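Reckoned from all heavy atoms, side chains included, excluding hydrogens, waters and symmetry mates. Computed from a prediction, not measured in an experiment: that's the story for all the values here. Lettering follows sequence order; numbering is per chain, from 1.
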Protein chains: 2
Amino acid sequence: MLENGLKRITSIKEIAKLAGYSIATVSYTLNDKGRIRAEVRQKILDICQKHGYMPNSAGRNLRRKRNETIGLMFYPSSAAIFRNVYYAQIMEALEFELEHAGYDLLLSGHDSSLEHSVSPRFLRQGKVDGIILLGRFPRKRVIALKDYGVPIIQLDGFREFLNVDYVTSDGYSATEQIVDHLVKLEHRRIVFVAYNHEDTNANQREAGFLAAVGKHNLSNSECRNIRDIGNSVEAYELIKYLLESESPPTAIIAVNDTLAVELVQLLQDDGYSVPADVSVFGYNDDADSQKSNPQISTVRIDKTKLAQIGAKMIIDRIENSEITHQKASLLAELIHRDSVAVAKS
Amino acid sequence: MLENGLKRITSIKEIAKLAGYSIATVSYTLNDKGRIRAEVRQKILDICQKHGYMPNSAGRNLRRKRNETIGLMFYPSSAAIFRNVYYAQIMEALEFELEHAGYDLLLSGHDSSLEHSVSPRFLRQGKVDGIILLGRFPRKRVIALKDYGVPIIQLDGFREFLNVDYVTSDGYSATEQIVDHLVKLEHRRIVFVAYNHEDTNANQREAGFLAAVGKHNLSNSECRNIRDIGNSVEAYELIKYLLESESPPTAIIAVNDTLAVELVQLLQDDGYSVPADVSVFGYNDDADSQKSNPQISTVRIDKTKLAQIGAKMIIDRIENSEITHQKASLLAELIHRDSVAVAKS
DNA sequence: CTGAAAGCGCTTACAG
DNA sequence: CTGAAAGCGCTTACAG
């Protein structure tokens, strides 16, 4: 029941009957199409309003062959995403953009990391017009998903040569900038640390690191790229070994702020001082990099922009499948805070 | 194109033609209804499989008058939720339950705190069968939402006398337990602190506090319930004033772990020792309560169970609107850690 | 400017 | 055990 005690009307047919016009006229009015007399239009609108009429999306979607819905998938799983502060801002902006463009966002509780996992329900049921892949989806999964024929894009992750649109951040140039900056502060023994899982963003950052090491003629044996650690404790064990060696590193570049924050904690627990003994750089400008003591120097990725571009990409792809392959790599900005200082001599 | 080079089939009609049976038979097969000969059944299933057929949800939903979709709304806004660790686990469990029950989860980017906000798109478009309200929705908003006629429930929030199902945690008894415990540790001057915004969960906790103060014959003038602070700094200013008074509180109960953690930080920055000078209790068992130093004693709310019950409630309500009003209040468990000690004498 | 009608893909009572 | 047919609520070319 509505406020005015009237029964809620759920179909265009009833509205048409009440107004004394055809369902076509009602439909045109509701969609601002065709040329309906202003007077008729107003009458119909009034009736809809009065009876709390809401168009039925199943009816419209069946006819239009659209869902006005975009599916969101996470890798490795949605559990991982919700716990990850990095994604909060992205989700937020994504929702905003999509809602304004007339799309709803459908979530998948699907665990994409399971080897034999079937595809998410919403895909099997054809409930979405497009899919946004958030995270470091493996190539194989992207291909499998692409084969459904539903438009997909990758957000904050990418796979080349798949003709799948993507938007990510330019970790290569970001790392070059970090090394440039560290070298200016007289660092010559720098370590890059990332997790052992496959991650194209981490690869880019590593590649930028290696290129910068070459560019500045830093010693290959003194600059390490550690890529086989499973967690911060493992990372710290290796770093500790290096710190106790004859030519200890003076700076550490951690693949993200979470790792950076944890390393700083472990270093401090062990009696090292940051940045006096060793400088630490992170990536992402997550909230915890600022809460850490000292505050961590990091790379700011404009997450809102990332989401905006992603939203635009998937919508473009849905509404115009002819457009050519799109990819974007956002330039990142260095944020200088207190975890970096001139190299210990 | 599928792997086998065949065109993907998108309707039951084409499958029927290929199989040489009617669409009714295909439909019955797909839905495991009616009595279809095993042989025919297998043939149809094979064809579907081969051509990657997926049923069209708009068609089915139009016919069934269902959406198989549940909308999720947040208060004050989705932005607030994504940044709130407390909700990560709830979202996760909710998704899991709903997906298994055959429902998809539709997200709303809607900002419910805006006074003149329209309802979310998915509601206006009739895209959801039910709505889960997460957070402390004001009574007025709950009523407005309820008037759409779509089943709703409140999760981790509640409004009485509205006949809206809800599941929340029993903050009343939790706080009683906290005070019982503190009294056992010889605390007699205890402060309860909560934010100034309207929040029925906070009200419950406060009520439990007041009841326990009465039960233990604690001094009303020495036990305060502070409910008018906007943030932790404001809270700390008041607490500091009390700590410097003649009969300073020996224990603080903060309405959630976030506030507790921030208060501990501010106390320490100011030279107070926790728990030597003052004990601190939180609620929720959020991740940060464990990361804090000292680790914060808190109240564990089984968020997974909260979500499970919530999922079951909304589904019950959707599938059987006749059921009577349901409400649940989860018993919480005290988690004893290092922020609480015997009262300073 | 307005209406009659087809059809989107599905489910389901009914008939056989 | 299987099929013909109605109808869910909508949009849209077409006719007038």
(request) Check the distance between D/dT2's P and B/Glu39's CD and give it to me in whole angstrom. (result) 8 Å

(request) Give DNA chain D the dot-bracket treatment, 5' to 3': Watson-Crick (N1-N3 with N6-O4 or O6-N4) or G-U (N1-O2, O6-N3) under 3.5 Å, [ ] crossing, | other strand. (result) |||.||||||||.|||

(request) Please state how far atom CZ in A/Arg66 lies from atom P in D/dT12, giving the value in whole angstrom units. (result) 10 Å

(message) Could you tell me how far apart A/Glu68 (CD) and D/dC10 (P) are, to the nearest whole angstrom?
(response) 13 Å

(message) The side chain of A/Tyr21 is closest to which nucleotide in this list: C/dT2, D/dC1, D/dG3?
(response) C/dT2

(request) Determine, step by step, whether B/Tyr166 and B/Asp156 satisfy the side chain to side chain donor-acceptor pair (under 3.5 Å) criterion, reporting the C-alpha distance in whole Å, the side-chain angles of both residues, the deciding distance to 0.1 Å, and the verdict. (result) CA-CA 8 Å; B/Tyr166 68 78; B/Asp156 192 48; over 6 Å; no

(request) Quick one: list whatever passes side chain to side chain contact (heavy atoms under 4.5 Å, CB included) with A/Ile15, sequence neighbours left out. (result) A/Ile9, A/Val26, A/Ile44, A/Ile47, A/Cys48, A/Tyr53

(request) Respond yes when some side-chain nitrogen or oxygen of A/Thr25 is under 4.0 Å from OP1 or OP2 of C/dT2, and no when none is. (result) no

(request) Could you tell me whether the side chain of B/Tyr21 reaches within less than 4.5 Å of the side chain of B/Arg41, counting heavy atoms only? (result) no

(message) Distance check needed: D/dG9 P versus A/Ile9 CD1, whole Å only.
(response) 12 Å

(request) Apply ring-ring contact (aromatic ring centres under 6.0 Å, His included) to A/Tyr103 and list each qualifying residue two or more places apart in sequence or on a separate chain. (result) none

(message) Using a 6.0 Å cut-off, check whether atom CD of B/Glu160 has over 12 heavy atoms from anything other than its own residue.
(response) yes

(request) Can you figure out which of C/dC1, C/dT11, D/dT2 approaches the side chain of B/Asn31 most closely? (result) C/dT11

(message) Can you measure B/Asn67 atom CG to C/dT11 atom P for me and round it to whole angstrom units?
(response) 15 Å

(request) Round to the nearest Å and state the distance from A/Arg60 atom CZ to C/dG9 atom C1'. (result) 17 Å

(message) Under a 4.0 Å threshold between the charged nitrogen and the carboxylate oxygen, would B/Asp46 count as salt-bridged to B/Lys50?
(response) no

Show the distances under 3.5 angstrom between N or O atoms of the protein and N or O atoms of nucleotides 14-16 of chain D.
none

(request) Would you indicate what A/Asn61 reaches in the nucleic acid, counting non-hydrogen atoms under 4.0 angstrom: base, sugar-phosphate, or nothing? (result) nothing

(request) May I have the distance from B/Ile15 (atom CD1) to C/dT11 (atom P), rounded to whole angstrom? (result) 13 Å

(message) Between B/Glu68 and B/Arg60 (salt bridge meaning N to carboxylate O under 4.0 Å), is one present in this structure?
(response) yes

(request) May I ask you to decide if A/Asn201's main-chain N or O and A/Asp199's side chain share a donor-acceptor pair within less than 3.5 Å? (result) yes

(message) Nearest to the B/Ser27 side chain among C/dT11, D/dT2, D/dC10, which nucleotide is it?
(response) C/dT11

Sub-3.5 Å pairs of nitrogen or oxygen atoms, protein against nucleotides 5-8 of chain C:
| from | atom 1 | to | atom 2 | distance (Å) |
| --- | --- | --- | --- | --- |
| C/dG7 | N2 | A/Arg63 | NH1 | 3.4 |
| C/dC8 | O3' | A/Lys65 | NZ | 3.2 |
| C/dC8 | O2 | A/Arg63 | N | 3.3 |

(message) Expressed as a whole number of angstroms, how long is the span from B/Asp32:CG to C/dT12:C1'?
(response) 16 Å

(request) Please list, chain by chain and in numerical order, all residues satisfying side chain to side chain contact (heavy atoms under 4.5 Å, CB included) with B/Asn67, sequence neighbours excluded. (result) A/Ser57, B/Thr69, B/Asp129

(message) Has B/Lys146 got a side-chain atom pairing as donor or acceptor with B/Leu162's backbone, closer than 3.5 angstrom?
(response) yes

(message) Do the side chains of B/Asp165 and B/Lys327 get close enough for a salt bridge, i.e. N-O under 4.0 angstrom?
(response) no

(message) Taking A/Arg159's backbone N and O only, do any of them form a donor-acceptor pair with A/Gln154's side chain (distance below 3.5 Å, no angle check)?
(response) yes

